[in-house]
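Reviewing the structure listed below.
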Protein chains: 2
Amino acid sequence: MRPPLVPKEDVLNELTKVFRESGLEGATLTRISRATGLGKASLYHHFPGGKQEMALAVVKRSNLQLQEKVIGPLQGDGEPTARIRQMMRNLDKYYGSGKESCLLGVLTVTGSRGLFHEHIKVGFATWIKSLASVLVEAGLPKKLATTRAENAIFSIEGALVVCRGLGNVASFRRLLRELSADLLREVEDPI
Amino acid sequence: MRPPLVPKEDVLNELTKVFRESGLEGATLTRISRATGLGKASLYHHFPGGKQEMALAVVKRSNLQLQEKVIGPLQGDGEPTARIRQMMRNLDKYYGSGKESCLLGVLTVTGSRGLFHEHIKVGFATWIKSLASVLVEAGLPKKLATTRAENAIFSIEGALVVCRGLGNVASFRRLLRELSADLLREVEDPI
DNA sequence: GTCTATACACCGATAGAC
DNA sequence: GTCTATCGGTGTATAGAC
């Protein structure tokens, strides 16, 4: 059998939107039904485990996309500076230039503790680790690379929250630009 | 009349805990009732507007506390460096060294848009503005001061989310320490 | 001011026809 | 695979006794 996966992919896209905008408790089956165009019973046909299974599927796919679109570019073979810039461009696109929120962040705040915790943990951790690896490769000492990578993820995630709170999305793109330049500062310095 | 405000203050403390931990939609009247020890009907005696009024009261008080405990120290008359360090100490305490979350951040993510938006906006904005003022006072050009202040708040808010997601709270205190040192870097440099 | 009891809407989830 | 109809449970909110 060769599977028609495409329609399910569309459903997951809409599910992701709803969970990102509304959080776990705010994402009611009624809203999900409206967003997907599927009745509640149809949703249970695709996800017998109900809302929990829907959220889990969305989180797993989100981590795959993080791997593809954000971490992947970091592990290419170009210059470290270029790879980091590429990651920032992809982030800008993925987060709608600051207008969209981060699923992992939203579920960290609204998710019933324990259900998705492991996936959230893995997602954030591998992201930080991959960024730190690039910084090490570029010549930074490991400890400094790790803290810089952590701080970068902190500020990106925080910017998504605060910019939304402020209704000012411009600062998100400014942050991405600055990070592109600052993450490797004092590395090219000769002797 | 001289008001016995104290018991209401206790109720607000418990309300704040519940909203910080559960978000707006997760904070059910049942949980609030358990946390405060008051029956639902009693809650409506104190807050006739229901859950919305409770959340609004909590947000307003949160902004007052932000003013007292975080922004206040910034406007003292000591050295800028010392004032910033004091703010970081108070933040560390207020956020339980990273174990607690930020009410403004949580409501930004879970709050039905528009209800608290103005209060959230004002809270974040005055915080950033006050921090930037100190940096200007310390000698930084205004534009640089503003972006540094924004970035600091971004990373603090993001750290509260990501550290919770990672289950690793140590990085939050590390961040506060680094910010204390880095916010004013290259300022004391003579000529 | 606090309680018990209750109203009514909406939630997640299922049954069963098509 | 999708639908309508419906279930039991829980959500917010009120009534009214004490």
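Every chain is numbered from 1 and lettered A, B, ... according to where its sequence line falls, protein lines coming before strand lines.
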Task: All salt bridge (charged side-chain N to carboxylate O under 4.0 Å, His left out) counterparts of B:R83, not counting sequence neighbours - done: B:E137
Would you say [N] has OP1 or OP2 under 4.0 Å from some side-chain N or O of [X]?
{"X": "A:Y44", "N": "C:dA13", "result": "yes"}
{"X": "B:S42", "N": "C:dG1", "result": "no"}
{"X": "A:H46", "N": "D:dT2", "result": "yes"}

Given atom [atom1] of [X] and atom [atom2] of [N], what is their separation to the nearest angstrom?
{"X": "B:I32", "N": "C:dT2", "atom1": "CD1", "atom2": "C1'", "result": "17 Å"}
{"X": "B:L43", "N": "D:dA15", "atom1": "CG", "atom2": "P", "result": "17 Å"}
{"X": "B:F47", "N": "C:dT2", "atom1": "CZ", "atom2": "P", "result": "11 Å"}
{"X": "A:L38", "N": "D:dT2", "atom1": "CG", "atom2": "P", "result": "5 Å"}

Open item on the list: Less than 4.5 Å apart, side chain to side chain, heavy atoms only: is that true for A:I32 and A:F19?
Closed with: yes
Task: B:E53, CD: over 12 other non-hydrogen atoms inside 6.0 angstrom - done: yes
Open item on the list: For the CZ atom on A:R173, are there more than 12 heavy atoms of other groups (residues, nucleotides or ligands in this structure) within a distance under 6.0 Å?
Closed with: no
Between protein and nucleotides 9-11 of chain C, what N or O pairs are separated by less than 3.5 Å?
from	atom 1	to	atom 2	distance (Å)
C:dC11	OP2	A:T30	OG1	3.0

How about [X] and [Y]: does a side-chain donor come under 3.5 Å of a side-chain acceptor?
{"X": "B:S97", "Y": "B:D92", "answer": "yes"}
{"X": "B:N90", "Y": "B:R85", "answer": "no"}
{"X": "B:E150", "Y": "A:S171", "answer": "yes"}
{"X": "A:R31", "Y": "A:S22", "answer": "yes"}

Open item on the list: What residues from residues 12-19 of chain B pass a heavy-atom cutoff of under 4.0 Å to DNA chain D?
Closed with: none
